[in-house]
Amino acid sequence: MSTGKAFKVLVTHPEVPQQGIDLLKQNCEVIQLQSVPINRAELLEKIRGVDGVLWAGHEPLNAEALDAAGPQLKSISAMSAGIDFVDVPELKRRKIPLGHTPTVLNTAVADLAVGLLIAASRRFHEGRKKIDNDQWENYHLNWLLGQDIRDSTVGFYGFGGIGQAIAKRLSGFDIDKVLYTTRRRVHKEIEEEYNAKKVDFDTLLADSDFIVIASPLTKDTQGIFNATAFNKMKKSAVLINIARGKIVNQDELYEALKSNRIFSAGLDVTDPEPLSPKDKLLTLDNAVVLPHIGSATNRTRADMSTIAAHNVLRGLAGEPMLSPAY
Ligand SMILES: O=CC(=O)O
């Protein structure tokens with residue numbers, strides 16, 4: 001039955017916030033998947049014949065899905081900042097524009113990064129275990145001592161919107177220096193605003209008290225935080241990862257933490273996700289591990305759905321997307 005609407009759009013997740021759905025419904029017939037977790041077979045069936053897709057979740061977006069959709073598909077937006085689950089060359093080859101939703105999640109992810117930085121440097125996880133295990137030993141003067149944030153050097157591996165939002169928050173903590181390693185230098189005004197200096201990777205590792213990973217996962221960044229990198233870091237260093245688990249070699253991180261080669265880690269992302277409850281990383285006192293909840297606030301997720309919907313609509317209208325991924 002025709003709805004009289006020009007375009008048909010698939011929303012790949014039943015829990016996409018209503019704000020995005022309502023926007024799409026103004027101009028499009030919207031079909032929404034019903035299963036959680038996403039059922040690939042249902043996705044491949046429902047995607048057939050649609051003009052646009054709001055792709056929520058990290059399900060692979062590849063030739064199989066594009067073939068199932070058909071040649072009329074002209075606009076896709078991920079509802080995420082990272083697009084490592086997308087076969088970008090395949091979309092480009094088919095000339096399908098792709099949007100994503102960076103920026104709107106910067107503050108939520110940055111808040112969480114600061115939380116992890118404090119939790120990992122001040123031994124929250126280990127402290128909680130001491131209570132659980134009836135090992136409260138505060139009669140020792142040096143019990144559960146952590147690392148100071150004030151006067152520290154914070155090194156960012158990746159210094160885009162999220163990294164900068166973290167630096168902004170940390171400026172209230174009286175840090176001494178911001179270093180960053182990126183492919184391209186950020187604008188001079190941004191460097192000045194955060195008193196940030198671009199350095200090579202080895203300098204970042206050697207000079208930082210805190211290292212925050214805030215870069216996309218690419219073939220160049222995959223596994224770059226490995227034993228060689230950990231061996232170049234300060235023994236007192238704290239590693240924070242709010243980007244993607246695969247940027248870190250997790251087995252080698254485990255060894256570095258277990259042997260106290262570095263002080264601690266705060267991780268919102270792991271490899272794999274979900275992480276098994278039996279994973280050895282979870283046995284460590286000096287690892288604070290969260291289940292990838294960086295952007296998980298009501299407002300952020302609603303904003304992500306709105307941006308993703310605008311991206312899809314603009315792609316359908318043949319206009320540049322609000323947040324194009326390429
Ligand atoms: O990890 C979350 C995102 O990429 O949006």
Side-chain angles (χ1 to χ4, degrees), residues 11-17 19-21 33 36-38 53-62 65 76-88 91 97-117 156-166 169 182 212-225 239-248 250 265-275 288-312 321-326:
V11 174
T12 66
H13 202 292
E15 294 164 2
V16 168
Q19 287 86 339
I21 306 287
L33 294 190
V36 184
I38 290 173
V53 185
L54 192 160
W55 194 277
H58 293 183
E59 182 70 16
L61 170 49
N62 54 16
I76 307 180
S77 181
M79 199 182 109
S80 60
I83 52 162
D84 41 286
F85 51 90
V86 181
D87 185 344
V88 170
L91 263 78
L98 176 73
H100 66 147
T101 61
T103 323
V104 288
L105 47 68
N106 291 355
T107 57
V109 177
D111 292 348
L112 192 94
V114 173
L116 276 173
L117 193 143
F156 288 89
Y157 184 73
F159 199 50
I162 294 178
Q164 290 163 32
I166 299 168
R169 280 153 180 72
T182 51
V212 181
I213 303 174
S215 77
L217 171 65
T218 64
K219 60 180 178 2
D220 296 327
T221 65
Q222 180 156 357
I224 191 156
F225 281 86
L239 180 72
I240 305 301
N241 188 4
I242 45 77
R244 286 292 183 266
K246 284 190 193 304
I247 298 172
V248 173
Q250 204 162 280
L267 311 171
D268 184 40
V269 287
T270 56
D271 177 25
E273 289 176 10
L275 189 68
V288 180
V289 187
L290 297 178
H292 201 151
I293 52 170
S295 66
T297 71
N298 287 314
R299 178 170 165 191
T300 301
R301 287 288 161 80
D303 289 349
M304 288 165 77
S305 80
T306 303
I307 302 293
H310 277 301
N311 283 338
V312 172
M321 291 187 169
L322 216 53
S323 304
Y326 44 75

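When a ligand or atom number is given, it counts from 1 through the structure's own listing order. Since the model is a prediction, treat every value here as computed from it, not as a measurement.
On a distance-only criterion, R244 and ligand 1 share at least one N/O pair closer than 3.5 Å.
H292 pairs by the ring-ring contact (aromatic ring centres under 6.0 Å, His included) definition with H58, not counting sequence neighbours. D84 pairs by the salt bridge (charged side-chain N to carboxylate O under 4.0 Å, His left out) definition with R244, not counting sequence neighbours.
Between L105 and I162, some side-chain heavy-atom pair lies under the 4.5 Å cut-off. Within the 4.5 Å cutoff, side-chain heavy atoms of T221 are placed close to those of Y157.
Just one residue in the list I242, V269, L112 forms a side chain to side chain contact (heavy atoms under 4.5 Å, CB included) with L290, and that residue is L112.
Using a 4.0 angstrom heavy-atom cutoff, M79 does not count as in contact with ligand 1. Heavy-atom distances between H100 and ligand 1 stay at or above 4.0 Å for every pair.
Under 4.0 Å from ligand 1, the heavy atoms of L105 that appear belong solely to its side chain.
Given atom 2 (C) of ligand 1, the protein heavy atom at minimum distance is H292 NE2, 3.5 Å. Among protein heavy atoms, the minimum distance from atom 3 (C) of ligand 1 is reached at A81 N, 3.3 Å.
For ligand 1, the atoms sitting less than 4.0 Å from at least one non-hydrogen atom of S80 are 3 (C), 4 (O), 5 (O), numbered in the order shown with element in parentheses.
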